[in-house]
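Here is the structure we will look at.
By convention in this document, chain letters (A, B, ...) are assigned in the order of the sequence lines, proteins followed by strands, and residues within each chain are numbered from 1. Fair warning: this is a prediction, and the values are worked out from it, not measured in the lab.
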Amino acid sequence: MYLLKIKHMNFIEELKWRGMLQDTMPGTEEQLQKEMTSAYVGFDPTADSLHVGNLAAIMLLKHLQRCGHKPFALVGGATGMVGDPSGKSAERKFLDETTLKHNQACIQKQLEKFLDFNSGANSAQIVNNYDWFKDFSLLDFLRDVGKNITISYMMAKDSVKNRMESGISFTEFSYQLIQGYDFFYLNEKHNVKLQMGGSDQWGNITTGTELVRRKSDREAFAITTPLITKSDGTKFGKSEGGNIWLDAKKTSPYQFYQFWLNVADDEALRYMKIFTTKSKEEIDALAEEHAKEPGMRALQKALAKEVTITVHSEEDYNKAIAASEILFGKGTLETLQSLSEEDLLSVFSDVPKSTLSKDQLATGISIIDLLSDLTGLCASKGEARRSIQGNAISVNKTKADESKKVDLNDLISTKYLLLQNGKKKYHLVVVG
RNA sequence: GGGGAGAUACUCAAGUGGUUAACGAGGACAGACUGUAAAUCUGUUGGCCCUGCCUUCGUAGGUUCGAAUCCUGCUCUCCCCA
């Protein structure tokens, strides 16, 4: 066992100032001080991508590794087949095995972006609990695991208690044992002494520490991080379009960047601490800068930058910025025309598009028809009319009135037409 | 089983025979302001071949010149008594 070098940061202290510490089991800090400690966080393969709601848990591992400890990311191939009742009001549907396999592979890839797998002793490691559960027979499980935990202990967990009224299947009831055994297994095979997770996981985690203590004479510890809240009460990690995913195919780097850039002032500092690896000094400096000139959104920009680069790439980040500038900056018809066709398509890659033929345009199309029937930017002609009367509609960055007819002369690069409803809703018409 | 109340647009909620596409509130969207913000102010919020027309007030019929509004059947919800 390696002794932790002096220069390493104290993980608990680190979590504390970052506002990421909800609960710790007694003795955890001592253990972390004593030696390089292996710790794990589990991820359910319920979808083929993680989303920003999982990010805090990922960051636990990342911060852990930065503090010189060894992170294990557990992909829940087995637990995903059972279903965690925590925070769920109703029984979950099963995913089929092919889907689960696919999801596991995708999630594993995403986790790899955050952790260092090549840092010597504390290199990150990814494990899948399906590997040790697939050949574990029911009888063996009942004898080895079930025997150690009493029903009353299991029923005392909130995740179970909250479901006693509405109903919980034996399968979901057993979930904590499966997860608990994960901890035991990782403890025995990989010397993992600490499990971390969101505060909703406390119940499951303690079943694990309990199991380790009863089945062995070893020690096991736990840390949870608070669930991320928003000041307006809405759920973190959602936008109009739904979840913000880490997968670029589900949430484009541009949308991802925008999500972070649009974080409210109240939350930016908090998120900065959780989702970036910037030091306290760096963050304090940014907060000060932000306070001086809130309009510059120094915090949001730095936050969006670091997270976008980590999850996607520096190149994606630069593209997102370029697109943002054109879409939200003081763009005019001139700036639009100065774009190369390639840049134009890249900037508007996230914008809904529709195609029209040259013939359709040749005779001129009324703006009302274009907005409603031909592009769907407005739900009906009435709505199109109202939007125009409300001064919300622009064609190629120029406000349009109701009598506007669009024809071939309006095209940019003889091929494109940029429609805009309000400040943020764009639609690109491609004429081909 | 007996008795009562109700069902109105995204939600809540007025309206109880004739300018009622339906008061008001919230939400949502847009405009001004701004930081691609918050707060605030303003406008819009059934559809269309749009100075007019059509379709909507649980559902199906009926009365009437005319109904969301009156009558009847049906469906559903809630409450009270057994």
Decide if the gap between the ring center of [X] and the ring center of [Y] is smaller than 6.0 angstrom.
X      : Y      : result
A:F11  : A:H63  : no
A:Y254 : A:F328 : no
A:F133 : A:Y181 : yes

Approximate separation, where rounding is to 0.5 Å, of A:D84 CG and A:D44 CG: 6.0 Å
In whole angstrom, give me the gap between the [atom1] atoms of [N] and [M].
N     : M     : atom1 : value
B:C49 : B:U64 : C1'   : 32 Å
B:A30 : B:C78 : P     : 38 Å
B:C41 : B:U34 : C1'   : 13 Å
B:G2  : B:A21 : P     : 42 Å
B:G4  : B:A67 : C1'   : 26 Å
B:U44 : B:G26 : C1'   : 16 Å
B:C70 : B:G18 : C1'   : 14 Å
B:C57 : B:A22 : P     : 15 Å

Exercise: do A:H69 and A:S38 side chains pair donor with acceptor under 3.5 Å: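 Their side chains do not contain a donor-acceptor pair, so the 3.5 Å distance test is not met.
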Closest non-hydrogen atom pair, A:E306 against A:T310: O-OG1, 2.8 Å
Minimum heavy-atom distance between A:D265 and A:P294, given as atom pair plus value: OD2-CB, 4.3 Å
N-O pairing of A:K193 and A:E35 below 4.0 Å: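 Yes, this pair counts.
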Carboxylate-amine/guanidinium contact A:D158 A:K161, below 4.0 Å: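 Result for this pair is yes, salt bridge flagged.
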A:F256/A:W245 under ring pair (Phe, Tyr, Trp, His ring centres under 6.0 Å): CA gap, chis, key distance, verdict: CA-CA 8 Å; A:F256 189 83; A:W245 301 96; over 10 Å; no
Would you mind reading off the distance between [X] atom [atom1] and [N] atom [atom2], rounded to a whole angstrom?
X      : N     : atom1 : atom2 : value
A:W260 : B:G35 : CH2   : P     : 25 Å
A:Q420 : B:C29 : CD    : C1'   : 15 Å
A:D265 : B:A38 : CG    : P     : 10 Å
A:N262 : B:A38 : CG    : P     : 9 Å

Bracket notation of RNA chain B in which parentheses pair within the strand, [ ] cross earlier pairs, and | pairs with another strand (Watson-Crick or G-U, under 3.5 Å): ((((((((.[[[..)..(.....]]]((((((.......))))))(((...)))...[[[[[..)....]]]]]))))))).
Atom CD of A:E315: over 12 foreign heavy atoms under 6.0 Å: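 Atom CD in A:E315 is not crowded, with 12 or fewer foreign heavy atoms closer than 6.0 Å.
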Review item, nucleotides 45-47 of chain B N/O atoms under 3.5 Å of protein N/O:
{"from": "B:G47", "atom 1": "OP1", "to": "A:S380", "atom 2": "OG", "distance (Å)": "3.1"}
{"from": "B:G47", "atom 1": "OP2", "to": "A:R386", "atom 2": "NH2", "distance (Å)": "3.4"}

side-chain hydrogen bond (donor to acceptor under 3.5 Å, both in side chains) contacts in which one or both residues fall within residues 288-299 of chain A, not counting sequence neighbours: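 Qualifying pairs, neighbours excluded: A:H290-A:Q300.
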Closest-nucleotide 5' rank along RNA chain B - winner of A:Y254 and A:S372: A:Y254
Nearest-nucleotide comparison on RNA chain B, the residue closer to the 5′ end among A:L261 and A:I368: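 Whichever sits nearer the 5' end wins; that is A:L261.
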Parallel, tilted or perpendicular, as decided by the 30° and 60° cut-offs, for the rings of A:H190 and A:F72: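 The arrangement is tilted - the two ring planes meet at 30° to 60°.
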For nucleotides 30-32 of chain B, give me every protein contact, N/O to N/O, under 3.5 Å, one pair per line with atom names.
{"from": "B:A30", "atom 1": "O2'", "to": "A:G390", "atom 2": "O", "distance (Å)": "3.3"}
{"from": "B:G31", "atom 1": "O4'", "to": "A:G390", "atom 2": "O", "distance (Å)": "3.3"}

Under the salt bridge (Lys or Arg N to Asp or Glu O under 4.0 Å) test, residues paired with A:E13 that sit two or more places apart: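 In terms of salt bridge (Lys or Arg N to Asp or Glu O under 4.0 Å), with neighbours along the sequence ignored, A:E13 is linked to A:K16.
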Residue-level proximity of residues 290-301 of chain A to RNA chain B when a heavy atom falls under 4.0 Å: A:P294, A:G295, A:R297, A:Q300
